[in-house]
Amino acid sequence: MALVLTQDEVMLVDAAKGLLSREAPLGMFRALRDSGDPLAFDPALHRRLAASGFVAPNVAEADGGLGLGASAAGLIMEQAGHVLAAAPLLSAAMAAGLIGKTASKAQKDTLLPSLITGETTIAAALDETARHEPSVLATKATRNGEGWLLSGSKTAVIDGFGASAWLISAEFEGTIALFLVEQAAAGLEVDKVDAVDSRNYAKLSLKGTPAMRLGDGDAGPAITAALDLGRALLAAELLGICDEAFDRTVAYLKERRQFDRVIGSFQALQHRAARLYARLDLARGVVLAALRAIDADDPEATWLASLSKSVMTKLSRDLLVEAVQMHGGIGVTDAFDIGLFVKRGRAAGELLGDDYFHTERLARDYWRL
Amino acid sequence: MALVLTQDEVMLVDAAKGLLSREAPLGMFRALRDSGDPLAFDPALHRRLAASGFVAPNVAEADGGLGLGASAAGLIMEQAGHVLAAAPLLSAAMAAGLIGKTASKAQKDTLLPSLITGETTIAAALDETARHEPSVLATKATRNGEGWLLSGSKTAVIDGFGASAWLISAEFEGTIALFLVEQAAAGLEVDKVDAVDSRNYAKLSLKGTPAMRLGDGDAGPAITAALDLGRALLAAELLGICDEAFDRTVAYLKERRQFDRVIGSFQALQHRAARLYARLDLARGVVLAALRAIDADDPEATWLASLSKSVMTKLSRDLLVEAVQMHGGIGVTDAFDIGLFVKRGRAAGELLGDDYFHTERLARDYWRL
Amino acid sequence: MASHDDDLSGFREEVRQWLEQNCPPSARNVPQNADNSFWGGRNAVHGNEDRKLWFERMAQRGWTVPSWPQRYGGGGLDASQARILAEEMRRIDAVNPLQSLGIMMLGPALLEFGSEEQKLEHLPKIARGEIRWAQGYSEPGAGSDLASLQTRAEDCGDHFLVNGQKIWTTYGHKCDMIFTLVRTDPQAPKHQGISFLLIDMADPGVEARPIRQLSGNENFSETFFTDVRVPKANLVGVINRGWDVAKYLLTFERTTMGSSGSGAQGEGLDQAALRLFGREGLAREPGLRQEIAEVLIGTWSARIAGQRLFDQGKAGAISPFSPSVLKLLATELDTRRTRAMMALGGFDHLDPGGSAAYKWLDAPTNCIAGGSNEIQLNILSKRALGLPEA
Amino acid sequence: MASHDDDLSGFREEVRQWLEQNCPPSARNVPQNADNSFWGGRNAVHGNEDRKLWFERMAQRGWTVPSWPQRYGGGGLDASQARILAEEMRRIDAVNPLQSLGIMMLGPALLEFGSEEQKLEHLPKIARGEIRWAQGYSEPGAGSDLASLQTRAEDCGDHFLVNGQKIWTTYGHKCDMIFTLVRTDPQAPKHQGISFLLIDMADPGVEARPIRQLSGNENFSETFFTDVRVPKANLVGVINRGWDVAKYLLTFERTTMGSSGSGAQGEGLDQAALRLFGREGLAREPGLRQEIAEVLIGTWSARIAGQRLFDQGKAGAISPFSPSVLKLLATELDTRRTRAMMALGGFDHLDPGGSAAYKWLDAPTNCIAGGSNEIQLNILSKRALGLPEA
């Protein structure tokens with residue numbers, strides 16, 4: 001598909017922007033953060049987003065969803081990035097992807113409807129190392145009559161605290177399988193993890209925890225696809241974060257006066273801002289290309305997902321440092337909003353692999369190392 | 001020793017600067033290049049430099065030299081960098097180091113006096129790979145009665161074309177040994193290699209070539225020391241090249257007018273120039289520290305040599321690109337001198353290992369990988 | 001939609017067959033660089049007879065300039081068709097039949113600003129490779145500040161009398177005619193006294209002297225005008241409004257420079273890394289390997305940007321700042337790519353006759369030409385971001 | 001030479017013995033950071049009894065300020081002796097007995113610009129940790145453009161009446177007195193109407209409100225002055241010539257910031273890489289490994305620069321631009337180092353209570369404080385390079 005937005009997509013973006021700016025302005029996130037709410041998101045907001053079709057829009061029409069794919073999910077994430085909306089959108093889209101690709105019809109019918117309405121939240125628990133490295137999989141599944149038992153631990157579980165259920169990767173008799181663990185499951189310990197971006201993360205500990213297996217084949221490809229979806233969505237969110245931080249910075253450059261001039265008239269700052277503009281412009285195409293490729297089941301999708309995550313992680317790191325620097329002293333105060341973007345940008349860059357990880361993934365894949 | 005120049009060193013620098021600017025102004029190098037002279041340096045200039053004590057000043061006093069060490073050799077190289085003086089100073093200093101550390105008294109007495117006077121030139125032939133990697137040593141030595149025969153090949157031999165003799169590393173019965181091969185030796189083929197910097201380089205091919213062994217022990221440490229000396233001296237030359245290219249660029253910024261202003265009044269260019277100034281200032285200390293450490297037989301010398309080569313290669317690459325860019329169109333013409341610095345800078349950066357090589361060498365050494 | 005797509009697939013089939021039959025083997029798999037290109041002109045030199053035939057067949061169909069109107073010697077193709085032709089040519093690695101600044105630069109300017117007479121006079125000659133055009137913009141004192149140019153065209157009734165000097169005239173010493181910016185009103189504010197004039201380089205008083213670059217190449221000339229008489233008919237657009245034409249053309253030039261960098265010609269850095277290092281060697285030098293990987297990431301990103309620009313073009317949604325963005329990033333990336341290629345080959349790549357050194361020495365030129373990258377940054381900060389003058 | 005060296009080695013021996021006997025174990029191997037430091041002041045808090053004893057013993061010898069004259073409470077050491085003391089303290093990892101802006105900033109200013117009365121009044125109290133000093137420079141509208149400050153001190157005969165607001169007062173809410181720049185002549189050109197004034201923060205009308213930073217720390221305050229009466233004796237240097245004092249002090253601040261970054265406090269990036277990755281892991285992520293190696297190269301280079309600065313100082317050959325160079329490079333390097341440390345720990349280092357996140361969030365502050373890095377670049381381009389104003 002073309003690397004421009006369709007009419008439908010433009011309308012979707014407008015709708016998302018409108019709803020988010022009304023229902024989830026930046027101040028809401030700050031208030032949520034300051035409240036110390038352990039859930040770190042507002043379930044009511046999540047349901048309102050769901051009511052507009054913004055939660056897991058990638059569920060296939062055949063499975064009762066909107067079938068709008070990764071592109072729609074990404075465009076919504078991008079808008080969420082602008083206001084730092086704290087809602088479990090990423091986990092919902094990843095769960096939708098995992099369930100869609102692995103689950104039986106009956107399982108889909110049980111899980112997807114309430115996911116789409118925002119009544120339930122399902123978190124993917126795939127990581128076991130502090131630095132993202134999905135090839136590490138020590139969690140094991142064993143048969144237990146008709147069911148399964150899981151043992152192991154997971155970290156960096158996005159939206160994982162207080163979730164209704166978790167999708168957990170585990171090794172079963174030499175293949176990678178995917179399991180669903182419910183909230184009340186025995187032997188399950190869920191620990192909330194604090195992070196600089198004040199979002200919802202958990203670590204899981206599983207000790208003979210009863211689980212339901214999704215589907216029955218090798219879940220490896222579905223997990224890779226879900227990770228790639230998550231990466232492209234995080235890239236889209238980072239794009240929104242960077243756009244917003246950049247726009248705020250340019251506005252500040254036009255307003256702040258020093259040496260009897262607005263500081264935006266200083267050419268050294270102008271050229272630095274112009275470079276960021278150019279890199280943002282390039283990155284915008286990369287993110288859209290990744291989303292499009294996922295929707296087209298393009299074999300290059302996995303490669304483009306890494307490219308988008310690599311490019312956006314690096315750009316966000318550089319851009320957000322510049323945003324702080326150009327704001328000067330005010331930029332490093334907690335009271336000023338730019339720091340909230342810096343913190344979320346760092347975390348979103350880290351999750352599911354940073355630029356170092358993805359550059360290396362691209363290099364290994366490209367050179368078949 | 002302190003990281004400031006001594007009174008004697010200040011006088012040495014002044015003398016070198018004076019002689020070089022009189023006897024080897026930049027135009028001389030250009031004329032030499034345009035003449036296509038295969039030797040690529042002027043033996044008469046080399047002997048004049050020698051007459052002032054500028055050739056191999058690192059030969060020990062006990063061996064009939066000035067005993068001024070790497071520091072003096074480096075300060076002279078730095079001044080040579082300013083005018084791109086094409087003289088076999090680097091090879092002479094490296095040969096002096098190798099001979100000084102390995103040769104017998106008799107060998108020293110034969111080789112060093114004419115090296116110091118510039119009557120002979122002796123080139124170190126240590127590299128066998130296009131990208132510097134001294135651990136690769138395929139050249140082999142075998143006994144031949146009282147003497148030795150060498151077989152193998154060498155590349156990137158600095159000042160190697162038309163040299164009086166070559167110092168050649170070879171493996172002999174499991175140890176690394178150093179040999180001297182004379183100009184007329186049988187089975188020796190010396191090919192001149194053209195390079196962008198129009199300096200003197202050769203490739204050697206050895207097929208049962210008679211050679212004299214220097215000393216009789218393991219020459220490995222002496223070779224590493226000579227490479228480190230060469231690296232620090234190249235770093236010093238790069239410092240001179242960068243200083244000169246930078247000064248010319250700053251002068252051009254003050255002179256060239258566009259948009260009714262001298263372009264040096266544009267803040268974007270000012271800040272870029274200021275960054276280069278800062279990096280040059282830092283690098284100056286690093287280069288001097290490496291030279292001082294070599295002279296002090298400091299165990300950190302090898303490490304500081306790599307640091308200086310890494311820092312200067314990277315800085316020269318960035319600085320020389322900026323020098324061209326700030327000169328605009330005139331900067332990319334062959335008729336304008338800045339390009340001569342660009343070409344020599346590239347070659348000097350490449351020789352004996354670039355920043356990638358040395359960063360990796362530092363990392364492996366530091367982390368004991 | 002479907003029926004247009006059907007048309008297109010029919011068109012593709014037709015193009016494919018025609019190319020199979022008409023593109024001779026020796027016009028395929030030719031490294032596409034300036035030296036191998038056919039540039040046309042009064043002293044045209046063809047690579048060989050087959051390539052001459054290939055050029056003539058393509059010119060016959062108007063496919064040297066596929067999207068120009070047929071009445072001006074073009075192929076009359078729409079954007080989708082032109083793209084298919086380009087794709088099919090790339091598929092069989094057919095050499096570009098005709099390369100020229102006439103096609104890339106002057107043609108678009110005449111189509112936008114020229115009179116019907118001028119179009120009929122000049123465009124077919126460009127399409128048929130009869131005239132090789134040079135571009136005369138920069139002057140020794142007018143580089144980044146192009147509008148400060150001083151070459152003067154004096155109104156002498158039926159002709160202009162031109163005096164002055166241009167520099168950085170691409171292949172000026174090999175060209176037949178030159179489109180220039182000249183000052184026609186020295187009193188007016190500097191952007192408002194400039195006109196766009198076509199000058200025959202065979203006319204008395206025109207002299208082009210080649211400039212030798214760092215790479216040893218002579219891709220540019222200095223061009224001197226001494227009392228050159230230029231017919232009034234050679235004025236393109238409105239007198240004293242030549243800056244409008246120049247701005248339009250500079251955008252074209254940027255787009256071209258922005259896209260040429262993204263697909264490196266010849267062996268890519270990626271392949272060279274494998275050839276020179278091997279798979280194991282890539283692990284031995286992590287720093288250089290990372291640099292190469294980052295250059296590849298830049299290259300892929302730039303390719304996507306090219307695709308996006310094409311899609312935006314089809315959708316009529318091109319940002320006016322894309323040319324500056326692409327020119328800036330692509331030329332810098334190219335510099336970085338050629339540097340990495342130099343490092344990869346170590347001592348061997350210092351060879352001044354080799355392609356690595358050649359490309360490395362030529363790369364900085366594009367960061368300066370076509371409006372220096374500082375000018376692009378000025379454009380972006382002033383126009384895209386609205387940041388104020390000092 | 002030899003006899004001076006002998007003296008020094010005797011001094012070193014003496015220092016070593018004294019430290020062995022007088023530095024209690026719990027004053028050793030203490031991570032040297034702001035929280036662990038003893039800052040003195042009217043509400044001084046010691047880490048523990050041993051460290052209190054250590055401070056008192058050092059203050060007794062004047063070694064809280066080893067190179068100040070003894071008559072002002074200092075140790076009277078020359079540069080070589082002071083360096084030996086510092087080396088010996090480092091050898092046994094002794095904690096700094098007293099940290100303060102009085103030592104780092106005000107002391108040098110008073111030694112240079114203060115009257116004998118002012119020196120005798122204030123320096124001993126600094127040396128003995130009795131008064132904790134704050135620095136009041138920046139204002140909300142006067143950051144990079146410091147000289148545009150608006151806090152006003154009106155001459156009221158025997159005292160000044162001060163009104164205005166300062167911001168970025170380091171630990172202002174924990175300090176006893178503040179040295180400030182105030183405007184004493186609103187009519188004069190902006191650099192010429194500023195004076196350097198000492199104000200007691202316990203005086204009526206002074207209020208300091210802490211500012212919360214990104215890291216959650218409160219290292220700074222806003223400081224408000226409302227009709228504060230300040231004795232004339234508290235004016236340092238000449239009235240309306242306070243800018244000279246400010247410039248002198250800013251240079252000190254830069255040097256301090258330039259050297260503090262080069263020796264990272266706590267576990268180094270290099271060690272963390274080994275601990276978190278292991279030797280094998282370093283090969284698995286070449287990009288991050290290369291970044292760490294480059295940061296290490298920067299760190300080593302900065303350390304050498306510190307050594308060089310010291311040697312230049314001894315030789316009386318310090319470049320006036322070194323403070324700007326070091327401030328610029330060290331603070332940027334610090335930002336880069338903390339970013340690499342964040343990446344190294346991945347998800348675990350996102351912990352807002354951990355030292356990695358804390359340092360990462362604090363690092364940008366130093367690129368802005370002490371004259372933003374843009375101001376340093378201006379200084380270098382204008383003064384070191386002589387590039388002209390626009």
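Residue numbers start from 1 in every chain, and the chains themselves are labelled A, B, ... in the order their sequence lines are given, proteins ahead of strands.
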Peer 1: Select one option (side chain, backbone, both, neither) describing which atoms of C:Ile297 are under 4.5 Å from chain A's heavy atoms.
Peer 2: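 C:Ile297 touches chain A through backbone and side-chain heavy atoms alike.
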Peer 1: Just by distance, which donor-acceptor pairs between chain A and chain C come in under 3.5 Å?
Peer 2:
| unit_1 | atom_1 | unit_2 | atom_2 | d |
| --- | --- | --- | --- | --- |
| A:Leu3 | N | C:Asp311 | OD2 | 2.7 |
| A:Lys254 | NZ | C:Leu385 | O | 2.8 |
| A:Gln267 | NE2 | C:Asn378 | OD1 | 3.2 |
| A:Gln270 | NE2 | C:Pro388 | O | 2.7 |
| A:His271 | NE2 | C:Asn378 | OD1 | 2.7 |
| A:Arg275 | NH1 | C:Glu332 | OE1 | 2.9 |
| A:Arg275 | NH1 | C:Glu332 | OE2 | 3.4 |
| A:Arg275 | NH2 | C:Glu332 | OE2 | 2.7 |
| A:Asp281 | O | C:Arg308 | NH1 | 2.9 |
| A:Lys314 | NZ | C:Glu294 | OE1 | 3.2 |
| A:Glu360 | OE1 | C:Arg289 | NH2 | 2.8 |
| A:Glu360 | OE2 | C:Arg289 | NH2 | 2.6 |
| A:Tyr366 | OH | C:Asp270 | OD2 | 2.1 |
| A:Trp367 | O | C:Arg279 | NH1 | 2.4 |
| A:Trp367 | NE1 | C:Asp270 | O | 3.2 |

Peer 1: For the interface with chain A, which of C:Leu377, C:Leu329, C:Leu380 has the highest count of heavy-atom pairs at distances below 4.5 Å?
Peer 2: C:Leu377
Peer 1: Quick check for you: to the nearest 0.5 Å, what is the distance between A:Leu26 atom CG and A:Asp337 atom CG?
Peer 2: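 Answer for the CG-CG pair, A:Leu26 versus A:Asp337, is 4.5 Å.
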Peer 1: Where does C:Ala315 contact chain A at under 4.5 Å (heavy atoms): side chain, backbone, both or neither?
Peer 2: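 Contact with chain A: side chain only.
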Peer 1: Which answer fits A:Leu269, side chain, backbone, both or neither, if we ask what part of it has an atom under 4.5 Å from a heavy atom of chain C?
Peer 2: neither
Peer 1: Flag the pair C:Leu77 / C:Phe11 as yes when at least one side-chain heavy-atom distance between them is below 4.5 Å, and no otherwise.
Peer 2: yes
Peer 1: What part of C:Leu328 is in contact with chain A, defined as an atom under 4.5 angstrom from a non-hydrogen atom: side chain, backbone, both or neither?
Peer 2: side chain
Peer 1: What part of A:Ala273 lies closer than 4.5 angstrom to a heavy atom of chain C: side chain, backbone, both or neither?
Peer 2: both
Peer 1: According to side-chain contact (heavy atoms from CB on, under 4.5 Å), who are the partners of A:Ala226, at least two apart in sequence or on a separate chain?
Peer 2: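 Here the qualifying residues are A:Leu98.
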Peer 1: Check side-chain contact (heavy atoms from CB on, under 4.5 Å) between C:Pro140 and all other residues, then give those that pass, not counting sequence neighbours.
Peer 2: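 Once residues adjacent in sequence are excluded, the partners of C:Pro140 under the side-chain contact (heavy atoms from CB on, under 4.5 Å) criterion are C:Gln165, C:Ile167.
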Peer 1: Where does A:Val286 contact chain C at under 4.5 Å (heavy atoms): side chain, backbone, both or neither?
Peer 2: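 Looking at A:Val286, backbone and side chain both touch chain C.
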Peer 1: Measure distances from C:Phe310 to the heavy atoms of chain A and classify the residue's part below 4.5 Å as side chain, backbone, both or neither.
Peer 2: neither
Peer 1: Sort C:Leu282 into side chain, backbone, both or neither according to what part of it lies under 4.5 angstrom from a heavy atom of chain A.
Peer 2: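 Side chain only.
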Peer 1: If every non-hydrogen atom of C:Ala305 is compared with every non-hydrogen atom of A:Leu282, which pair is closest and at what distance?
Peer 2: CB-CD1, 3.3 Å
Peer 1: Name every donor-acceptor pair, under 3.5 Å, that has one atom in a side chain of residues 234-242 of chain A and the other anywhere in the protein, sequence neighbours excluded.
Peer 2:
| unit_1 | atom_1 | unit_2 | atom_2 | d |
| --- | --- | --- | --- | --- |
| A:Glu237 | OE1 | A:Arg344 | NH2 | 2.8 |
| A:Glu237 | OE2 | A:Arg344 | NE | 2.8 |
| A:Glu237 | OE2 | A:Arg344 | NH2 | 3.3 |

Peer 1: Which distance, rounded to the nearest 0.5 Å, do you find between the CG of A:Asn58 and the CG of A:Leu68?
Peer 2: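 Output value for this atom pair is 9.0 Å.
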Peer 1: For chain C, find which of A:Val250, A:Val262, A:Leu307, A:Leu288 contributes the most heavy-atom pairs closer than 4.5 angstrom.
Peer 2: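 Of the candidates given, the most pairs with chain C belong to A:Leu307.
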Peer 1: Tell me, side chain or backbone of C:Leu296 under 4.5 Å from chain A's heavy atoms, or both, or neither?
Peer 2: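 Interface part for C:Leu296: side chain.
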Peer 1: Roughly how far, to the nearest 0.5 Å, is the CG atom of A:Leu319 from the CG atom of A:Leu276?
Peer 2: 4.5 Å
Peer 1: State the CG-CZ distance between A:Leu320 and A:Phe341, to the nearest 0.5 angstrom.
Peer 2: 9.0 Å
Peer 1: How long is the straight-line distance from CD1 of C:Ile368 back to CD1 of C:Ile375, given to the nearest 0.5 Å?
Peer 2: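 If I round to the nearest 0.5 Å, the distance is 12.0 Å.
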Peer 1: Going by heavy atoms in the side chains, are C:Val295 and C:Leu333 under 4.5 Å from each other?
Peer 2: yes
